[in-house]
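Bear in mind the structure is a predicted one, so any value in this text is a computation, not a measurement.
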There are 8 protein chains.
Amino acid sequence: MDKTQLAALLQQVADGTVSVGDAVLQLKMQPIKEVDEYAKVDLHRGIRQGVSEVIYGAGKSKEQIRGIAQAMLDDGQKTVLVTRMSAEAAAYVGETLPLAYHELAQTGVIGEAPVPNCSGKIVVATGGTSDIPVAEEAAITAEVLGNPVVRLYDVGVSGIHRLLSHMDAIMEARVIVAAAGMEGALPSVIGGLADCPVIAVPTSVGYGASLNGIAALLSMLNSCASGVSVVNIDNGFGAGYMASMINHIGG
Amino acid sequence: MDKTQLAALLQQVADGTVSVGDAVLQLKMQPIKEVDEYAKVDLHRGIRQGVSEVIYGAGKSKEQIRGIAQAMLDDGQKTVLVTRMSAEAAAYVGETLPLAYHELAQTGVIGEAPVPNCSGKIVVATGGTSDIPVAEEAAITAEVLGNPVVRLYDVGVSGIHRLLSHMDAIMEARVIVAAAGMEGALPSVIGGLADCPVIAVPTSVGYGASLNGIAALLSMLNSCASGVSVVNIDNGFGAGYMASMINHIGG
Amino acid sequence: MDKTQLAALLQQVADGTVSVGDAVLQLKMQPIKEVDEYAKVDLHRGIRQGVSEVIYGAGKSKEQIRGIAQAMLDDGQKTVLVTRMSAEAAAYVGETLPLAYHELAQTGVIGEAPVPNCSGKIVVATGGTSDIPVAEEAAITAEVLGNPVVRLYDVGVSGIHRLLSHMDAIMEARVIVAAAGMEGALPSVIGGLADCPVIAVPTSVGYGASLNGIAALLSMLNSCASGVSVVNIDNGFGAGYMASMINHIGG
Amino acid sequence: MDKTQLAALLQQVADGTVSVGDAVLQLKMQPIKEVDEYAKVDLHRGIRQGVSEVIYGAGKSKEQIRGIAQAMLDDGQKTVLVTRMSAEAAAYVGETLPLAYHELAQTGVIGEAPVPNCSGKIVVATGGTSDIPVAEEAAITAEVLGNPVVRLYDVGVSGIHRLLSHMDAIMEARVIVAAAGMEGALPSVIGGLADCPVIAVPTSVGYGASLNGIAALLSMLNSCASGVSVVNIDNGFGAGYMASMINHIGG
Amino acid sequence: MDKTQLAALLQQVADGTVSVGDAVLQLKMQPIKEVDEYAKVDLHRGIRQGVSEVIYGAGKSKEQIRGIAQAMLDDGQKTVLVTRMSAEAAAYVGETLPLAYHELAQTGVIGEAPVPNCSGKIVVATGGTSDIPVAEEAAITAEVLGNPVVRLYDVGVSGIHRLLSHMDAIMEARVIVAAAGMEGALPSVIGGLADCPVIAVPTSVGYGASLNGIAALLSMLNSCASGVSVVNIDNGFGAGYMASMINHIGG
Amino acid sequence: MDKTQLAALLQQVADGTVSVGDAVLQLKMQPIKEVDEYAKVDLHRGIRQGVSEVIYGAGKSKEQIRGIAQAMLDDGQKTVLVTRMSAEAAAYVGETLPLAYHELAQTGVIGEAPVPNCSGKIVVATGGTSDIPVAEEAAITAEVLGNPVVRLYDVGVSGIHRLLSHMDAIMEARVIVAAAGMEGALPSVIGGLADCPVIAVPTSVGYGASLNGIAALLSMLNSCASGVSVVNIDNGFGAGYMASMINHIGG
Amino acid sequence: MDKTQLAALLQQVADGTVSVGDAVLQLKMQPIKEVDEYAKVDLHRGIRQGVSEVIYGAGKSKEQIRGIAQAMLDDGQKTVLVTRMSAEAAAYVGETLPLAYHELAQTGVIGEAPVPNCSGKIVVATGGTSDIPVAEEAAITAEVLGNPVVRLYDVGVSGIHRLLSHMDAIMEARVIVAAAGMEGALPSVIGGLADCPVIAVPTSVGYGASLNGIAALLSMLNSCASGVSVVNIDNGFGAGYMASMINHIGG
Amino acid sequence: MDKTQLAALLQQVADGTVSVGDAVLQLKMQPIKEVDEYAKVDLHRGIRQGVSEVIYGAGKSKEQIRGIAQAMLDDGQKTVLVTRMSAEAAAYVGETLPLAYHELAQTGVIGEAPVPNCSGKIVVATGGTSDIPVAEEAAITAEVLGNPVVRLYDVGVSGIHRLLSHMDAIMEARVIVAAAGMEGALPSVIGGLADCPVIAVPTSVGYGASLNGIAALLSMLNSCASGVSVVNIDNGFGAGYMASMINHIGG
């Protein structure tokens with residue numbers, strides 16, 4: 001409600017054509033109305049960033065996943081990413097839709113295979129082999145969003161020479177996703193070696209005092225290296241999405 | 001140790017000029033030696049990123065801070081950032097060194113005032129007025145590292161229209177730092193509005209079930225918005241540094 | 001025991017017709033006896049508030065649920081609400097009793113369909129679609145207790161314009177139930193927009209650092225908005241019951 | 001400007017005693033007002049939420065508190081509530097402003113003494129004498145917001161007859177605020193006796209396994225009584241505010 | 001061999017009906033006896049602690065339980081208590097040994113039915129019906145150890161009059177076991193009413209913020225009533241054993 | 001007025017040395033008595049629970065402690081126990097009242113020195129010397145309540161022979177209070193040696209992973225010995241009170 | 001290739017029985033070897049850490065385990081230890097490889113049976129019978145690594161005489177591994193008796209407040225005995241490995 | 001009690017010279033008596049290991065420390081170690097006793113300076129400079145116990161080349177103590193590099209999510225490197241003692 005509209009309303013009150021009560025109600029709702037011009041902002045997001053639509057498969061039936069994906073494709077979406085997708089759901093969806101399913105990562109890509117639209121590289125690293133499913137969720141997410149991805153798996157800190165033998169990849173990355181469970185030290189070591197942002201992903205790999213990933217999470221939040229930020233435990237998608245957002249800043 | 005060197009060593013063993021024990025020792029240390037070429041990498045970091053040196057003031061005496069800063073300036077550093085610096089230490093350091101001290105943020109900038117060297121803008125936002133000290137640490141860090149910074153303070157989610165009245169700044173940002181204590185919801189709301197990376201900083205503002213910032217931390221890690229990652233509680237410096245790293249990707 | 005009765009007892013002691021030991025025992029129990037007049041208070045509650053009886057189905061066998069419900073109906077109860085009721089139990093109970101079963105909410109309504117007996121509206125809102133089962137438990141509870149209910153689902157804070165597009169419903173509500181998992185920010189945002197009480201329900205939706213709903217719970221307890229109070233994780237029934245109690249104050 | 005003041009202004013417009021132009025000017029000045037750069041006092045909230053503004057004193061200097069309060073009074077606010085106000089700040093503010101200070105509750109009321117504007121009674125109960133400061137914050141908040149308040153202190157569950165001797169007050173209440181530390185059982189017992197909403201306030205009273213109020217908080221969240229909801233530890237203000245909101249529904 | 005049996009043996013030596021040599025042999029066989037290599041049944045404890053041995057069934061196979069029980073009976077034990085015993089194990093053991101199995105309590109009594117050997121009464125009370133399995137473990141344990149037991153089930157604090165209607169039993173008890181989940185307030189209320197020791201047993205009954213019994217445990221540890229001590233969550237056996245030990249002090 | 005005093009009064013009535021009217025008057029004065037408005041001293045508890053009243057000194061001013069104690073003595077109480085009493089408060093109270101102050105235990109005994117009224121012995125044991133303040137609170141409480149007390153200090157499990165050298169005391173005890181911080185293993189070891197109830201008191205002695213006594217608390221709750229129950233961290237009073245209650249069962 | 005094998009190879013070079021070229025080839029093949037793409041078996045560790053490789057079976061398929069083991073044997077490894085190996089995997093691996101499987105410990109030894117190569121003894125002790133699986137993992141690990149092992153099972157602190165009857169073994173040990181769940185007191189008691197290093201292993205044995213081994217873990221970290229250090233919950237392998245490392249220092 | 005003694009006792013029972021009751025009592029105490037021969041074992045410990053006496057200074061007054069130390073020296077002790085000793089206590093003790101005080105480590109050495117009595121070296125490493133006080137406590141403890149110590153400070157994982165430049169020291173160590181706060185990754189990296197036991201010491205260095213050292217503690221317990229065990233947070237003494245015990249195994 002701009003000044004003219006406000007004056008008009010008050011004039012109506014003065015004229016008696018709008019009651020005091022109605023005017024009170026209209027004025028109470030003003031501060032909110034101003035956001036209307038941004039309401040369609042999420043339609044713009046897709047256009048500006050080229051982000052594909054994503055379906056979070058956990059808790060959805062295979063019928064729901066297929067239904068949502070079909071609707072997206074019908075709407076003109078070229079590629080649809082499905083995370084936390086069971087093999088059973090994949091089999092079902094794959095019957096009628098073009099699906100590339102990555103069982104280890106429990107991730108499916110429906111529609112056209114993504115192609116890189118960005119020059120920078122994202123390195124996705126893991127501490128151990130058990131962290132690979134989470135890392136693959138990040139890597140596939142990043143690929144679907146148009147990023148070239150380099151994988152460095154099983155380079156954990158208890159065998160530091162394995163990590164050090166990949167210094168070239170680390171120094172060339174524009175963003176690094178580092179996934180680790182147990183003591184979660186990988187992002188700190190990488191953060192000290194690299195000069196690019198590191199997205200740390202704690203994984204629930206471990207037992208006992210790993211507390212389902214809390215130990216790794218705390219470790220990463222307390223990283224003594226600068227340039228490290230953290231996402232939720234096992235949130236490979238979130239890390240891949242964040243890394244892609246950062247990578248696209250560089251074009 | 002390349003193949004030639006290895007062969008030479010073994011030849012010495014065969015010749016009896018190197019004992020078996022010495023050869024075992026030399027071989028045990030091999031995988032590590034290969035990293036030597038990267039050992040001076042951190043000297044390069046300063047050159048490549050233009051990052052100023054930082055002194056973490058907590059737990060250091062005023063004499064230590066002045067001594068370290070003086071040494072850095074003598075070494076040719078133009079600007080030195082000091083975080084967690086008490087007013088008392090600032091008074092002492094300011095006696096002999098050119099210091100701009102920000103009491104609210106407990107942060108000092110020694111030497112030349114920084115100038116922006118990067119085109120993108122970093123927005124630093126807070127939920128309440130009590131979060132401002134942490135946000136200022138982030139903002140000053142980002143400024144010292146060459147970033148233009150826009151401050152949006154006290155735009156917390158319980159008065160959402162205050163945040164919405166700043167949509168222009170949010171849409172124009174290249175990176176956003178969002179600091180909040182208590183329920184820590186600000187990064188989620190901003191993450192849903194913006195299409196750029198959001199660095200979430202939980203603050204220890206609150207009482208009771210805020211658990212000194214743990215409530216805000218957990219809230220941010222569980223953000224339902226994509227493109228949000230998190231640093232440690234009250235880690236304004238870490239957020240500002242990460243934001244700067246991301247912002248400089250865009251030049 | 002009033003003064004006369006006490007004197008009578010002591011006279012019996014003086015007379016030797018009551019032993020000292022028996023008198024000690026009787027006096028020890030006095031402060032409690034005074035509550036006897038309130039002992040049947042819960043019979044009055046049903047009359048005064050028109051609250052239907054509720055069966056908490058978790059941990060009860062289908063035979064137990066049917067037996068209890070039958071007894072309540074025989075006792076004159078018109079409507080019986082069953083929460084945490086499995087589909088299997090519903091099928092069994094439905095064989096002999098008139099049951100409307102809501103599978104998503106795991107909730108059954110036995111007997112007459114409830115009709116509103118109260119003028120105010122209760123809004124039940126959720127952050128995401130995964131929170132709907134908990135919200136439905138709240139909504140059905142409120143309906144069974146005689147409240148008109150307006151549902152606003154999937155209006156979470158990462159897409160704030162979805163929530164803002166329902167400002168009319170929010171401003172007209174007499175009480176609002178806001179259910180959310182993950183970061184649990186919805187009640188804070190609604191609490192800042194509305195001028196009525198908000199009952200916050202954390203849900204166990206999420207993974208990793210959501211700690212089965214603890215993150216959302218802490219977030220809600222720390223809400224920076226006034227007029228927000230919280231019930232247990234996934235306690236849709238408790239929220240619906242509390243909302244109904246408040247709504248009926250307004251008649 | 002609260003709802004009543006807004007209606008009054010509009011009535012003046014309707015009556016012709018205030019011109020449309022003047023009304024536009026007054027309303028446009030409202031939304032966000034800077035006060036001495038340290039706090040955006042959100043005067044618009046009075047309209048949206050229908051209550052007077054409150055100053056949360058913790059972390060604010062005595063000068064800040066006086067400045068904000070003065071601005072509010074200048075703006076036409078009749079009564080200003082200050083919570084978490086130190087005796088020292090009270091002495092300072094009281095020099096220039098009419099202040100009634102409650103030291104036990106660390107709460108001050110500036111301006112006109114509040115008068116009840118609502119027929120229902122709010123009972124504020126505590127488990128022990130150590131919980132009284134939190135309870136008083138709730139009680140004074142409720143009084144400032146226009147509610148008649150009945151205090152029942154030190155009626156904890158280990159001496160249940162003390163509570164039972166006040167059954168009249170409990171049965172007559174329209175809303176009850178129950179504050180307790182240690183085992184936090186009071187709200188459950190009251191919730192089972194009363195047929196009105198109970199707002200539970202855990203306090204940090206206790207030691208060892210009370211975990212600064214976490215034990216009481218968990219106890220209250222798990223209350224087996226219906227009609228109980230919970231606010232943050234030691235959040236007397238929040239409980240009093242919520243209780244007032246509920247009480248005013250009944251007029 | 002418990003204290004009574006030892007005294008009997010020694011009496012036989014004193015009487016001359018058992019020779020010194022035979023008694024030496026019997027006693028030397030006692031201390032530590034291997035049973036099928038999987039458990040050292042510490043038969044000497046009966047002497048030192050004055051009670052019969054108990055088999056903790058959790059984690060033991062049905063064959064192991066039968067083997068250990070058989071060895072105990074062969075050794076002269078009249079009654080053997082088995083806790084955490086599955087229905088399947090009970091069926092197996094019952095094939096060859098005289099077993100009374102209590103399915104709700106998952107508890108079996110092998111051998112002679114116990115008879116009270118003590119004049120005081122133990123009251124076992126629960127907050128709700130879901131706490132009964134734990135309470136029954138306590139009650140049966142106490143009965144096997146020779147105590148008269150009075151059960152007061154479903155007398156939780158949200159319906160305090162139910163508890164108060166049993167004041168006679170509470171005032172006459174020599175020890176009380178109070179089991180409750182959720183908010184765990186029952187022991188505090190009973191502790192305030194009774195003048196005998198109260199053993200509090202938190203149960204894992206509840207959901208969400210009950211944290212599998214931690215909420216009830218903390219509540220009980222913080223009881224504001226004196227004369228309350230606490231055992232582990234769901235530890236009905238421990239409570240019954242402790243109560244029996246206390247009760248036997250009074251003969 | 002405790003049970004003995006009540007019986008004495010009634011005996012006087014039975015004897016005719018006190019009139020019925022006077023007895024009525026005395027009893028009617030009992031139930032709830034206001035003391036200087038800051039505490040309802042529940043004098044009726046003495047009757048119901050059979051013990052003298054105790055003043056919990058923490059959080060009370062020295063004036064409050066003296067006022068409450070004076071009122072109790074005026075009311076006929078022979079001995080008053082004050083726990084958590086500072087040396088400063090003790091000095092103040094000692095000016096006007098007969099006080100024996102135990103600084104280590106922060107405990108004061110006002111009025112007549114207690115004499116044993118019970119045949120059984122209570123052993124109070126500690127793991128280390130740092131646990132003695134808590135143990136002394138327990139020991140003095142037990143002595144005030146009429147129990148003979150045997151102290152076994154610094155007999156922790158890392159020097160098990162020190163404990164074993166006191167087997168006589170352990171075997172003769174009717175109840176044992178075992179206080180320990182750090183790993184809290186003492187009650188388990190004693191519980192395995194003794195055949196009487198053991199009240200375990202975790203202390204906050206320790207650092208780091210002792211978590212202010214939580215480690216010891218958890219250890220004690222998980223004791224593998226039967227006949228062990230637990231009170232709150234540092235709750236020496238609670239342990240002494242519970243032990244006395246148990247000890248008096250045996251007369 | 002472990003240290004011994006490396007020395008042997010070099011000796012052969014020194015002796016002239018292996019040519020320098022062949023030795024180069026063998027060493028160059030060592031560092032990082034891909035096995036079927038699912039694991040980089042770090043064969044170089046054998047050199048650096050002086051021990052044989054171990055396969056952590058959890059999360060690996062039976063095909064993966066067999067593949068990795070086969071590669072190790074092909075590489076010259078004489079004995080391969082597999083931890084957390086299911087009976088099903090053991091059956092599968094045993095079809096083609098020489099496997100000794102210990103079902104209780106879920107541990108397999110492939111290849112040659114290990115023989116002691118060290119003079120000192122490692123004692124492995126447990127508190128209860130339920131801790132034996134973890135202890136066996138430690139014992140078998142130590143045996144595979146060449147240590148003589150003495151087992152002392154079910155010697156927990158609630159029956160301290162059982163432990164004391166094995167003082168000879170305790171005094172003769174060079175290292176002791178002490179595994180215990182529940183209250184976790186065993187390492188403290190042993191640490192006080194022995195004069196050698198004690199490796200404490202908390203186990204997840206217990207329920208309720210044992211928090212899946214956290215109680216035992218905290219207890220052990222707070223041990224009042226010197227010479228005790230701790231590994232992760234249920235980490236029998238880690239304890240056995242650490243004990244072996246220490247034991248071999250003594251030759 | 002051997003067989004002869006037992007027979008003698010029983011004969012006395014048969015003869016009537018010992019009552020049945022007395023015999024029961026004597027038999028109940030048997031299993032314990034057997035440990036008497038080990039009771040003086042801790043006197044032997046000092047002899048065998050050459051361990052100096054240690055005074056834990058926390059919670060002791062300066063007078064107590066001086067008194068205990070004086071007594072030890074009088075008893076013939078050559079060197080006394082005092083940990084957690086304030087500068088004030090050091091000044092006081094130094095007045096009358098020969099004291100070398102290390103302020104950073106809050107540690108004092110009274111009497112003769114220790115000399116190495118052992119050939120192996122202990123490396124003490126820290127992640128940062130703030131960890132040095134804890135590390136110094138470990139180093140001085142080890143030195144007092146006769147070990148040569150090599151210090152590697154500020155070699156944390158965010159600057160991994162600093163650590164790698166000290167590979168010689170790491171490879172030559174017989175035991176390593178690794179102290180680190182924040183993310184606590186140092187022991188994992190060192191454990192992967194070294195082939196000797198690593199004692200990990202979490203420190204309370206850090207803020208926010210470091211939770212006073214809990215983050216580092218969990219990280220170390222979850223170390224993916226073998227040969228790492230952990231002591232309590234900030235327990236430098238415990239680490240130094242454990243390291244010395246291990247080091248002396250090698251002579």
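Distance CG/D/Leu218 to CD1/E/Ile214: 9.0 Å, rounded to 0.5 Å.
No side-chain heavy atom of E/Val157 sits under 4.5 Å from any side-chain heavy atom of D/Val157. Counting only heavy atoms from C-beta outward, the side chains of D/Leu164 and E/Leu164 approach each other to under 4.5 Å.
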Donor-acceptor pairs under 3.5 Å, side chain of residues 180-190 of chain E to any protein atom, not counting sequence neighbours: which ones?
{"unit_1": "E/Glu183", "atom_1": "OE2", "unit_2": "D/Ser188", "atom_2": "OG", "d": "2.9"}
{"unit_1": "E/Glu183", "atom_1": "OE2", "unit_2": "D/Cys224", "atom_2": "N", "d": "3.2"}
{"unit_1": "E/Ser188", "atom_1": "OG", "unit_2": "D/Glu183", "atom_2": "OE2", "d": "3.0"}
{"unit_1": "E/Ser188", "atom_1": "OG", "unit_2": "E/Ser223", "atom_2": "OG", "d": "2.9"}

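For D/Glu103, the salt bridge (charged side-chain N to carboxylate O under 4.0 Å, His left out) criterion is met by no residue, not counting sequence neighbours.
A donor-acceptor contact shorter than 3.5 Å links the side chain of E/Asn222 to the backbone of D/Ala209.
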